J.: 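Pasting a structure here, questions to come.
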There are 2 protein chains.
Amino acid sequence: MTAEETTLLRHTLTQVAPLSDAAWNDVQPLFRGRMLAAGDYFAQAGEHPTELAFVVEGALRSFYRTDEGNEYNKTFFTRGTFVGALAGLIQNTETYINLQALEASRLLVTDYRTFTALYNRHHDLERIARRVIEIEWVKKEHRELRLVLCSAEERYVYFREEHPDLELRIPQYHIASYLGITPVALSRIRRRMVQDGPSERQQIPRTS
Amino acid sequence: MTAEETTLLRHTLTQVAPLSDAAWNDVQPLFRGRMLAAGDYFAQAGEHPTELAFVVEGALRSFYRTDEGNEYNKTFFTRGTFVGALAGLIQNTETYINLQALEASRLLVTDYRTFTALYNRHHDLERIARRVIEIEWVKKEHRELRLVLCSAEERYVYFREEHPDLELRIPQYHIASYLGITPVALSRIRRRMVQDGPSERQQIPRTS
DNA sequence: TGCTGTTCTTAACCTCGGTTAATGCGCCCT
DNA sequence: AGGGCGCATTAACCGAGGTTAAGAACAGCA
């Protein structure tokens, strides 16, 4: 773990709510650096997840795989975000979500139970955790509204605004899966957009 | 506020995580009873929300209204649940969500800022808040998966399992809106189901 | 009793996205 | 150079759900 990496982690935590030096001194040694190659899994459906990570470099996706083997990309994770099989960690159950590196990625990894145990000693840390999950909840609400109220083309435009860097780094079928459509449909949409120009879209409140 | 009402509130909080008597003694006086008639609003889009409520009796819906006046029912709230324009409360901004009573409803209402200020004095209260929002996050994840991976018919079946009491109490167009379809489509689905019997459905992990 | 408003149903037509399959393109390998 | 592979595109067809509009059932009420 380089100084730059821990600084990014500390900075990210502090941005959410104040973090005391005492809490940080307990938090910092819990994390270990880890490299993932493209295609490597950080968590797999059916496993009981135990780890939480912070992305320093690279990109990951969380996805759900149906019984028939279809995949739905739920979220993309890039530099400065936390990644983990949250539902499994929170409920202390097996996860049904897969977490996979889309490219070579650098993570800071901690044991989730050990981390949350610190909440007892450091109230400020639990406050940060509360704020983080609240913010994530709001993001989920926005995503829900887009899924229901926006066309696939509108969702595609939003994706490009949300992840301007990602579009060129990952294959289009991953983007299609994130939008909840097939690669064929995304290709049609892209053609329509270059021919006719992007059409007007619903104003769904923005995250951040 | 009757004793039965405060008992339900305390019981609901305690189920999430331990609640000290000291914290409860500070929490309890913050809440005031309020009745809503069917159709009354607890929060309206464009307002800056300040209140959080606990449903003791009745039913409410949260919904988003598009620029064209179309409504999408995001959630139903019934006895024993918390209701509020969460995104607005959390981010201290105007809300884009409406909260409306679907039938005569009894709420216990508190000022959100006053309530969250208690987190400073009572760590256990902030823990409960963290757990509550975590659980809500998991519910949102499940809803997202259903929206993307399940057909309208499958979502309808899930709705009936999730709210077995509600189906008979509220008009079908509210259910259709919750499912993200039109009343016409729901009517078609209902006919298909009584004729052919409900079809097989995707196994999306259950909430609760 | 009839009028009115609300909700649900049904039918006819249309659109968007799914499905399947063929084609093309770039890239890696030997 | 040639073969193979992964990915994007395109076309043809299909089906779920949207749209519009017309009835049916029912309740409230003068």
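Any value given below was found using the heavy atoms of this structure, including those in side chains, with hydrogens, waters and symmetry copies removed. By convention in this document, chain letters (A, B, ...) are assigned in the order of the sequence lines, proteins followed by strands, and residues within each chain are numbered from 1. All values reported here derive from a predicted model rather than from experimental measurement.
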J.: Between C:dA11, D:dT10, D:dC7, spot the one nearest the side chain of B:R191, thanks.
T.: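 Comparing C:dA11, D:dT10, D:dC7 against the side chain of B:R191, the answer is C:dA11.
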J.: Taking OH from B:Y173 and C1' from D:dG17, how many angstroms apart are they, rounded to a whole number?
T.: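 It is 21 Å, rounded to the nearest whole Å.
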J.: Quickly work out the A:I189 CD1 to D:dA8 C1' distance and round it to whole Å.
T.: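 So the two atoms are 14 Å apart, to the nearest Å.
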J.: Using the benzene-type ring in the case of Trp, are the ring centres of A:Y158 and A:H142 under 6.0 Å apart?
T.: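 Between A:H142 and A:Y158, which both carry aromatic rings, the centre distance is not below 6.0 Å.
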J.: Once you round it to whole Å, what is the distance between P of D:dT9 and CZ of A:R190?
T.: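 It is 5 Å, rounded to the nearest whole Å.
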J.: State whether A:T182 places a side-chain N or O below 4.0 Å from either non-bridging phosphate oxygen (OP1 or OP2) of C:dG18.
T.: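 Checking C:dG18 against A:T182, a side-chain N or O does come within under 4.0 Å of OP1 or OP2.
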J.: Can you tell me how far P of C:dG18 sits from CG of A:L186, to the nearest Å?
T.: 10 Å
J.: So is A:R146 actually on top of A:Y156's ring, under 6.0 Å and inside 45° of the axis?
T.: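 No, cation not above the ring by the 6.0 Å, 45° rule.
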J.: Angle between ring planes, B:F31 versus B:F115, binned at 30° and 60°: parallel, tilted or perpendicular?
T.: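 Rings of B:F31 and B:F115: perpendicular, as their planes differ by over 60°.
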J.: Can you tell me how far P of C:dC16 sits from CG of A:L179, to the nearest Å?
T.: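 Atom CG in A:L179 sits about 17 Å away from atom P in C:dC16.
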J.: Tell me whether the guanidinium CZ or amine NZ of B:R143 lies under 6.0 angstrom from the six-membered ring centre of B:Y178 and within 45° of its axis.
T.: yes
J.: Does any N or O in the side chain of A:N73 come within less than 3.5 Å of the main-chain N or O of A:T75, such that one atom is a donor and the other an acceptor?
T.: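 Side chain of A:N73 to backbone of A:T75, a donor-acceptor pair under 3.5 Å: no, none is there.
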J.: To the side chain of A:R188, which of D:dT9, D:dG18, C:dG17 is closest?
T.: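 The nucleotide sitting nearest to the side chain is C:dG17.
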J.: Check the distance between D:dA8's P and A:M193's CE and give it to me in whole angstrom.
T.: 16 Å
J.: Could you state the CZ-P distance from A:R192 to C:dG17, rounded to the nearest angstrom?
T.: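 Taking atom P of C:dG17 as the reference, CZ of A:R192 is at 6 Å.
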J.: Among the nucleotides C:dT7, C:dG18, D:dT19, which one has an atom lying closest to any side-chain atom of B:P171?
T.: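 Between C:dT7, C:dG18, D:dT19, the one nearest the side chain of B:P171 would be C:dT7.
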J.: Want to settle it: does A:V184 or A:A152 sit nearer the 5' end of DNA chain C, counting the closest nucleotide to each?
T.: A:A152
J.: I need the CG-P distance between B:L168 and C:dC8, as an integer number of Å.
T.: 12 Å
J.: Side chain of B:A185: nearest nucleotide among D:dA8, D:dG17, C:dG18?
T.: D:dG17
